[in-house]
There are 2 protein chains.
Amino acid sequence: MISIYMSILAGFVGLLAALILARKVITQPAGNNEVTDIGKLIQEGAMAFLKKEYMILSIFVVAIFVILTVLIDFNLLGNDKIDQLSSGGRVSLNGPWTAIAYLFGALGSGLAGFIGMNIAVRGNTRTATAAQKGLNQALRVAFNSGAVMGMTVVGIGIIGVSTLWLIFQNPTVIAGFGFGASSIALFARVGGGIYTKAADVGADLVGKVEAGLPEDDPRNPAVIADNVGDNVGDVAGMGADLFESYAGSIIATISLAFAAGVMFDVSAPKAILPLAIAGIGIISSILGTFLIRTSDNADMGKLLWTLRYGIFGAGILSLIGTGIYVQYNNLDFNLFWVVLTGIVVGQVIGTATEIFTSYEGLKIGSWNFNPVEWIAKQSQTGHSSTIIAGISVGFYSTAIPAIAIVCAIYIANELAGLYGIGLAAVGMLSTLGITLATDAYGPVADNAGGIAEQAHLEPEVRQRTDALDALGNTTAATGKGFAIGSAVLTALALLAAFGAVTGVTQLDLLKPKVLIGTILGALLPFIFSGLTMQAVGTAAGSMIEEVRRQFREIPGLREGKPGVKPDAAKAVAISTAGSLKAMIAPGLISILAPIVVGVILGAEALGGLLAGSIVAGFLLAIFMANAGGAWDNAKKYIELGHFGGKGSDTHSAAVTGDTVGDPFKDTSGPSLNILLKLMAIVSLIFGPLFIGSGLL
Amino acid sequence: MISIYMSILAGFVGLLAALILARKVITQPAGNNEVTDIGKLIQEGAMAFLKKEYMILSIFVVAIFVILTVLIDFNLLGNDKIDQLSSGGRVSLNGPWTAIAYLFGALGSGLAGFIGMNIAVRGNTRTATAAQKGLNQALRVAFNSGAVMGMTVVGIGIIGVSTLWLIFQNPTVIAGFGFGASSIALFARVGGGIYTKAADVGADLVGKVEAGLPEDDPRNPAVIADNVGDNVGDVAGMGADLFESYAGSIIATISLAFAAGVMFDVSAPKAILPLAIAGIGIISSILGTFLIRTSDNADMGKLLWTLRYGIFGAGILSLIGTGIYVQYNNLDFNLFWVVLTGIVVGQVIGTATEIFTSYEGLKIGSWNFNPVEWIAKQSQTGHSSTIIAGISVGFYSTAIPAIAIVCAIYIANELAGLYGIGLAAVGMLSTLGITLATDAYGPVADNAGGIAEQAHLEPEVRQRTDALDALGNTTAATGKGFAIGSAVLTALALLAAFGAVTGVTQLDLLKPKVLIGTILGALLPFIFSGLTMQAVGTAAGSMIEEVRRQFREIPGLREGKPGVKPDAAKAVAISTAGSLKAMIAPGLISILAPIVVGVILGAEALGGLLAGSIVAGFLLAIFMANAGGAWDNAKKYIELGHFGGKGSDTHSAAVTGDTVGDPFKDTSGPSLNILLKLMAIVSLIFGPLFIGSGLL
């Protein structure tokens, strides 16, 4: 029990670290008037979006709250299994506790996104200003902004789960917390993802391609919306997303600890282990940030390595801590190897992502496997060649991650059964505090560059922020590996827990109902991706028309006549309305699909649905993320002067690839990770209602 | 037993019909010198490709022949199960009969492709010449060319399977026949598919886009290669493909009849039923072709309906025949309903394909769901918008086919168990003789148009062939629906047969090994598609460079100086070499993957591999086929004058979509159907060797 208190304490230490880092960021000089004016516009746009988004979501949250209270907490259908589950915890559930846990999960997710974005919109102007002094100073500010979000996410996450576990020790209650986190994360990722890419695509296509303006030119009416998008999509969306991953992996593992062992053994050390690992990870992450120290004249390579030292150091510390904990508590030492497996596999997926999306590819002696360069080369023969090349790279880039995950499943299961699969995910995410920092600082640097451009700061400022942005793309690859890998393992752990809760002890693919469920489950990521891609296309279309209209109707705008400004607010409003409307359908599908299948076809088919969605969603997510990343860097590679450089036809083809890749990698791809887990957690909570064979 | 003789007889009637139709085509006037010269070039190029392809494949066939003889027929590993399977038939297998059946399957597949292509390369010049007289005359010649292939495929298919069954009555032997057909089909589809799209993309990108030449302009060095490609990919490849589908569905159902019922009951009526249905289908198809009669002044709408009457009539006749057969032989009448389900579901998938890929979409009252028009509209905002739109349409177009298949599985299983799933596929394909005719005549009409252009025939000739080509695209949609639907059902039936043969009575997704198999299985279609897309990209790149070189180095070529001709042979050689080299890797992966997984992880994981590949491959295949079809028609829709028409920026964006769609719909997509079945049949034959848990 002492471990839980320690974990909660670690969570508060994390929040304290976030506070200190936030102070460090905010006390930096915000910059000149032009910079702060632009910063204010971005801040207002972002907050307006978040406010509207949360208002829509609050209706949804209330509805789910009522449903959970009625069907689960007060069990109005009189389901035996739910009765049994709710009375088995430390505190007998005679109140709406699952519903309240759900509320806390939703609030935690929203809060993580809100705080992360709040600091990011302040961090970006300060990064731009710091970049006037030097690369290293800018890195510090941007990294600290990212670290605030990282520490906030893990802090709130572990405090939430640990406290609920301490009070109730009931898997259904903490599953409610996970449900809240997942559902908000899905909407935030989808809504924010559509917003940012609609604005980005709109700004790029009309501004850069048609009007011939440079990136982030202040005359472009969609530029502010694009900057806002970076914050609501890449920062707030990502924060909600990773909060969900973090809490989800812990919750899945705790659920499995009970499913696998004696039901509701309150002192079960296997249930406390994931909380302990997470607590150790937070402290390790904080220590890791101290390793990130560079001299003032550090070059890019050195900067990259200092970030890696930080991540690597945190990982080592976390492993040592876990080893000591396992040994000290007389747990099976195999559990330590499982955690190590999780970390290694996350690293392998991250490295594979890097190989498929970086300029360097993979060099072994004179042999060089370089997909990004190949895409750039293919771009010489036109737009369609770029697309064909990127799609083919995306497709076969799924191989290494899939094989790595398969190895993780095999090893974890051999060492610790299905419980090991969840634990590997917890291990993978244990140092999220620091890996998320390296992930989240990218958009801050990106935004800082945009602000520098619009505020007409010296060209070297933009060069420095671009360098930081490129660095962020590389470190983000590792983050993506961990996010995707942990999502699959978490979802599988939830699937196993679902099986245990519903008494579905096997999911036999030779049974037509299971097979049908699996086909439908695999279908969902396709439909989901189709809807989100369509939403980006439609919203970007409206944005393009608006930008064209402004260039047509505002005299002097295109020519850059002094004093003439675009109507940025209108563009922001279009992105906001379009994305909020479009996030509803995919969000509802994810929650309703498992319920509909459960009611009509029963629990076994529902299990098939989960398995199908996990397998297909995992592969589609990697395909989209890597194709998008490879296109992005192929374009940047050409911009470095290869194959004709900027302004050539080759470059124009590469821009097409990058634009297609935008919704791939920042909207549809990352949302799929959440889709899998959300469906699994919905099934875990409502599963007992579907025991039996359904209506058919 | 009488039914088998009748089926063989029906097969010969089919071949006779093919012969009569072939005579009808060949006795048509071949056209003027220019036409016949071009026809000869195409014929030579196509034959040269086929010769080289078959030479490479013969090495492969010999290798497999030896492996089958050693491991299966003479059972050198002393596997008990194989002993039992081989001694259970009517004729005890003391000779290399599975290997010989394999050889026959391979030969049958090759022969179907060869004959189909032989008639097609003659049909295209004659169609061009007939189009000088009128639309109806041209339709007849093109349709008859297609019908020759249709009747050949079903004739050889049923004669092969029925004869082998009559002699051996052993499921392993006929599975050998299916293996031969599938392996050749895979190579032919992949090789031909890469060839045709490399040439097509190359011809389009340099000729149309860069040099500004019209489609099929004789100055374009890649045009002959493009025409050759239509024949080797869309005709020979498709022939081999559907031969495999046809034989595969029958074989799968027979295997299941034994797996489900008493093993090796020689008089089992359920084993003979699929042969009988196929025989009835051949006769119905022949009668259906008589329904295709039009007046000389028929318009497009009438032509479409006359084709539909033919298909529809054949379907009705086939159903009536099946009903009588089932009733007369005192079989469970539910089997009739299963066949009906198969036909209806094939029709539903075909209709869905049409909705997602036709100009009209779906109109209900004033409500109009029109994805093609949406893609065309999105093309107004540039290349990337076209791509995003097409991909999103492709993604969610998977919904209706997946739900239709799920319904087919449910109904077939409820009515007749797993056997019903195979029987539904047999029903779906029973009238292949006529549906393949409407599918295969498209490329003939397409080629005729190319020849008309190059031989400078009157413009109305081209207009007529274009009209026929467009008509072909519509009827081909139905054909695709049947091909994809039957592939999934056949593969599932083979999976069930695999389970019965290996004694794997359940495939429990909660067992890590099965789950691992499923993930790896789902991975394969992604890798496979990645490799085939990359092959098209690479081969098209070489083609583009060659075309550019010729325009640069052959003086007067671009300007069309009289007497100056491009070096078409060089372009043909490039496509041939590129595609043959590139077909090896994907082909070997499909055959080796099940064996490697079987050896290392055992039979249960192999079952998971099959299930994963079926589910993911099915959805990816539909995604690619429909996205490709929708892009193609969005381009044509714009060419009709919408959104700026030909030559506009919108059109240029739509051309990019169409070019990306080419390898989607004609290379990667259709090959996936074969991949699923090939892996399943490899597993069915070699499965007994993997009984147990594998090395791990």
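Residue numbers start from 1 in every chain, and the chains themselves are labelled A, B, ... in the order their sequence lines are given, proteins ahead of strands. Keep in mind the model is a prediction, meaning the values are calculated, not measured.
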Visitor: The criterion is side-chain hydrogen bond (donor to acceptor under 3.5 Å, both in side chains); which residues satisfy it with B:T398, sequence neighbours excluded?
Guide: none
Visitor: For A:I614, is it the side chain, the backbone, both, or neither that has a heavy atom closer than 4.5 Å to a heavy atom of chain B?
Guide: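 Neither part.
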Visitor: May I ask you to name which of A:G541, A:G382, A:G608, A:S529 has the most heavy-atom pairs under 4.5 Å with chain B?
Guide: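 Heavy-atom pairs under 4.5 Å are most numerous for A:S529.
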Visitor: Taking only residues two or more places apart in sequence or in another chain, which ones pass salt bridge (charged side-chain N to carboxylate O under 4.0 Å, His left out) with B:K377?
Guide: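 With sequence neighbours excluded, B:K377 shows a salt bridge (charged side-chain N to carboxylate O under 4.0 Å, His left out) to no residue whatsoever.
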Visitor: Sort A:A522 into side chain, backbone, both or neither according to what part of it lies under 4.5 angstrom from a heavy atom of chain B.
Guide: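 For A:A522, the contact with chain B is made by backbone and side chain together.
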Visitor: Using heavy-atom distances under 4.5 Å, tell me whether A:L523 contacts chain B through its side chain, its backbone, both, or neither.
Guide: both
Visitor: Could you tell me which of B:A535, B:G394, B:P512 has the largest number of non-hydrogen atom pairs under 4.5 Å with chain A?
Guide: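 The residue among B:A535, B:G394, B:P512 with the greatest pair count is B:P512.
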Visitor: Who wins among B:I421, B:V406, B:V615 for the most heavy-atom pairs under 4.5 Å with chain A?
Guide: B:V406
Visitor: Among the options A:T505, A:T532, A:V488, A:I405, pick out the one with the most heavy-atom pairs lying under 4.5 Å from chain B.
Guide: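 Most heavy-atom pairs under 4.5 Å with chain B: A:T505.
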Visitor: With a 4.5 Å cut-off on heavy-atom pairs, point out which of A:L495, A:L531, A:L515 contacts chain B the most.
Guide: A:L515
Visitor: Any non-hydrogen side-chain atom of A:V536 less than 4.5 Å from a side-chain atom of A:I194?
Guide: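 A:V536 reaches A:I194 side chain to side chain.
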Visitor: A:A611, A:G517, A:S397, A:A399: which one forms the most heavy-atom pairs within less than 4.5 Å of chain B?
Guide: A:A399
Visitor: Which answer fits A:E414, side chain, backbone, both or neither, if we ask what part of it has an atom under 4.5 Å from a heavy atom of chain B?
Guide: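 No part of it gets close to chain B.
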Visitor: Below 4.5 Å from any heavy atom of chain B, which atoms of A:F664 appear? Answer side chain, backbone, both or neither.
Guide: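 Looking at A:F664, just its side chain touches chain B.
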Visitor: Does the plane of the ring in A:F395 sit parallel, tilted or perpendicular to the ring in A:F623? Use 30° and 60° as the thresholds.
Guide: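 Correct class here is parallel.
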Visitor: Looking only at heavy atoms and a cut-off of under 4.5 Å, which of B:A616, B:G521, B:G530, B:S385 has the most pairs with chain A?
Guide: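 Counting heavy-atom pairs under 4.5 Å, the top option is B:G530.
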Visitor: How close do A:L510 and B:A496 get, counting heavy atoms only, and between which atoms?
Guide: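 Reported closest heavy-atom pair: CD2-CA, 4.3 Å.
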Visitor: Checking heavy atoms, do the side chain of A:K513, its backbone, both or neither come under 4.5 Å from chain B?
Guide: side chain
Visitor: Are the side chain of A:T650 and the backbone N or O of A:F643 linked by a donor-acceptor pair below 3.5 Å?
Guide: yes
Visitor: Would you mind checking which part of A:Q378 comes under 4.5 Å of any heavy atom in chain B, side chain (CB onward), backbone (N, CA, C, O), both or neither?
Guide: side chain
Visitor: Find the distance between CD1 (A:I387) and OG (B:S384) and round it off to the nearest 0.5 Å.
Guide: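 The OG atom of B:S384 is 7.5 Å from CD1 of A:I387, to the nearest 0.5 Å.
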Visitor: Exactly one of A:T386, A:N626, A:D662, A:V655 should register a side chain to side chain contact (heavy atoms under 4.5 Å, CB included) with A:W631. Which one does?
Guide: A:T386
Visitor: Let me see the working for B:L524 and B:L609 under side-chain contact (heavy atoms from CB on, under 4.5 Å), right down to the final yes or no.
Guide: CA-CA 9 Å; B:L524 285 174; B:L609 184 88; 4.1 Å; yes
Visitor: For A:F369 and A:Y396, take the angle between the two ring planes, folded into 0 to 90°, and tell me which bin it lands in: parallel under 30, tilted 30 to 60, perpendicular over 60.
Guide: tilted
Visitor: Do you know which of B:L601, B:L620, B:D658 has the most heavy-atom pairs with chain A at a distance under 4.5 angstrom?
Guide: B:L620
Visitor: Taking the side chain as every heavy atom from C-beta outward, state whether A:F618 and A:I622 have any pair of such atoms under 4.5 Å apart.
Guide: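 Yes, at least one pair of side-chain atoms sits under 4.5 Å.
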Visitor: Let me know if B:L492 has heavy atoms under 4.5 Å from chain A in its side chain, its backbone, both or neither.
Guide: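 Interface part for B:L492: side chain.
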Visitor: Please identify, among B:V201, B:T381, B:I527, the residue contributing the most non-hydrogen atom pairs under 4.5 Å to chain A.
Guide: B:T381
Visitor: For the pair A:D508 (side chain) and B:L507 (backbone), establish whether a donor and an acceptor sit closer than 3.5 Å, ignoring hydrogens and angles.
Guide: yes
Visitor: Is any side-chain heavy atom of A:L489 closer than 4.5 Å to one of A:I409?
Guide: yes
Visitor: Which one of A:I391, A:L619, A:T659 has the most heavy-atom pairs closer than 4.5 Å to chain B?
Guide: A:L619
Visitor: Measure B:M624 against the heavy atoms of chain A and call it side chain, backbone, both or neither at under 4.5 Å.
Guide: side chain
Visitor: Can you tell which part of A:L418 gets under 4.5 Å to a heavy atom of chain B, answering side chain, backbone, both or neither?
Guide: side chain
Visitor: Name the region of B:E545, side chain, backbone, both or neither, that has any atom closer than 4.5 Å to a heavy atom of chain A.
Guide: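 It is neither, since no heavy atom gets under 4.5 Å.
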Visitor: Quick one: of A:L520, A:V393, A:I519, who has the most non-hydrogen atom pairs under 4.5 Å with chain B?
Guide: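 Going by pairs under 4.5 Å, I would pick A:I519.
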